[in-house]
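As a basis for the values below, the full set of heavy atoms in this structure was taken, side chains included, without hydrogen atoms, waters or symmetry mates.
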Number of protein chains: 2
Amino acid sequence: MSKIDSPDPEGLMLPVPGVDYGPLDGLLGYALRRAQNALYLDFYRATADWDVSPQRFAALVLIARNPGLRQGLLGQAMGLHRSGALRLTDWLTAQGWAERRDAPDDARAWGLYLTPNGKRRLVKLEAAVAAHDRALLAALGDSGAALKAGLERLAWVATAQSTAPDNQPRRQKP
Amino acid sequence: MSKIDSPDPEGLMLPVPGVDYGPLDGLLGYALRRAQNALYLDFYRATADWDVSPQRFAALVLIARNPGLRQGLLGQAMGLHRSGALRLTDWLTAQGWAERRDAPDDARAWGLYLTPNGKRRLVKLEAAVAAHDRALLAALGDSGAALKAGLERLAWVATAQSTAPDNQPRRQKP
DNA sequence: TATTGTTATACTCTATAACTATA
DNA sequence: TATAGTTATAGAGTATAACAATA
């Protein structure tokens with residue numbers, strides 16, 4: 001059997017020998033992108049049996065931990081626009097893993113809940129993801145905890161820079 | 001003047017008070033996603049005057065540092081499929097920042113080069129991105145260098161896990 | 001037979017804008 | 001007048017598949 005078209009390990013952002021990366025190698029942001037690329041692919045491998053993206057996994061967790069969560073609040077927690085939260089919720093309900101119920105206190109809003117099917121799915125996913133994370137931390141050894149703390153600090157610092165009052169040349173869309 | 005529809009700081013993956021994040025808060029991968037989200041938005045703010053995504057910036061750098069770079073090699077360095085490298089190159093040439101020239105040794109291939117316009121653009125972009133990175137590192141203090149080293153280690157570890165011979169339940173597409 | 005790049009197509013993710021129903 | 005969610009649409013980004021030219 002011969003390979004058909006592209007059986008390459010695509011998406012694997014490996015440093016290519018002979019290519020000069022110039023200033024990229026020195027940038028914190030580029031190191032972050034490389035790490036996220038590798039981790040994303042590894043997440044897919046670890047959860048290959050269930051075909052759920054990191055984002056969808058996060059949504060399942062948030063709904064499970066906050067039964068009756070508003071669609072809008074789900075979007076806010078995940079950095080999504082309302083319309084993105086809508087599509088995410090549509091997908092989860094189409095899978096039969098989540099459902100919308102009327103919110104008792106506001107007739108405009110939905111409350112989101114996991115179905116029994118969704119709960120069963122999440123139990124397996126959480127186990128796989130936790131095992132995957134433990135394996136990573138084990139491979140990183142002592143530096144793992146420091147790395148996580150550093151990332152949280154970085155998120156905070158970058159957010160502070162973005163939202164500082166003196167730093168507001170916000171992007172203009174055409 | 002009143003706001004029209006959605007002037008919210010969208011995309012800003014902030015922890016929402018009152019929402020239980022469950023296991024997400026403990027995951028290295030989730031901390032990484034939060035940091036990348038914040039850094040991405042901050043990158044856009046820092047380069048708002050030029051409207052270039054991190055990916056397009058990286059492509060400009062790679063072409064500048066490796067004149068005559070093949071389209072396919074560009075894609076490989078950036079973790080893209082051939083078709084993705086094509087679209088990226090199309091965009092860069094449409095801006096007048098890069099151009100395709102015949103490769104001397106292989107009539108199938110192109111060599112990629114920056115135009116004078118592209119070079120001028122890159123000089124400004126590199127300065128803005130470098131200043132942005134310096135500001136981040138300054139805000140992080142001593143932990144900045146350790147964080148970068150940790151990220152590089154993480155990328156290596158995750159890649160090793162993904163590609164280990166005993167770990168190959170690769171994702172099947174339908 | 002394999003590789004480089006192309007065309008055509010499609011799916012995901014995300015956003016904007018305009019709309020409805022409710023507050 | 002503002003908010004929760006929806007609809008419609010658009011643009012990135014990325015992938016697959018089939019193809020031509022070249023190696």
Can you name the closest pair of heavy atoms from A:L32 and B:L39 and give their distance?
CD2-CD2, 3.4 Å
Measure CG/B:L12 against C1'/C:dA15 and give the value in whole Å, please.
15 Å
Measure distances between side-chain N and O atoms of B:R82 and base N and O atoms of C:dG5, and say whether any donor-acceptor pair falls under 3.5 Å.
yes
Residues B:Q71 and B:R100: side-chain donor-acceptor under 3.5 angstrom:
yes
Are B:R34 and B:Y21 in a cation-pi contact, defined as NZ or CZ under 6.0 Å from the six-membered ring centre and within 45° of the axis?
yes
Mind calculating the distance between CZ (A:R100) and C1' (C:dA21) to the nearest angstrom?
16 Å
Please report, rounded to the nearest Å, how far the P atom of C:dG5 is from the CD atom of B:E99.
16 Å
Do B:R56's NZ or CZ and the ring of B:W91 fall within the cation-pi criteria of under 6.0 Å and 45°?
yes
Whole-Å gap separating P (D:dT3) and CD (A:Q71):
17 Å
Rounded distance in Å - CG (B:N37) to P (C:dA15):
9 Å
Report the residue (A:A107 or B:A109) whose heavy-atom-nearest nucleotide on DNA chain C is the more 5′ of the two.
B:A109
Point-to-point distance, once rounded to the nearest 0.5 Å, from CG of B:L80 to CG of B:L74
7.0 Å
To the nearest angstrom, the CG-C1' distance between A:L86 and C:dT12 comes to 15 Å
Separation of atom CG in A:D90 from atom C1' in D:dT7, rounded to whole Å:
11 Å
Letter per nucleotide, 5' to 3', of nucleotides 9-14 of chain D [B base touched, S only sugar-phosphate touched, - untouched; heavy atoms, 4.0 Å]
---SSB
Atom-pair distance (CZ on A:R70; C1' on D:dT3), nearest Å
12 Å
Shortest non-hydrogen pair, A:T115 vs A:G96, comes out as OG1-O, 2.6 Å
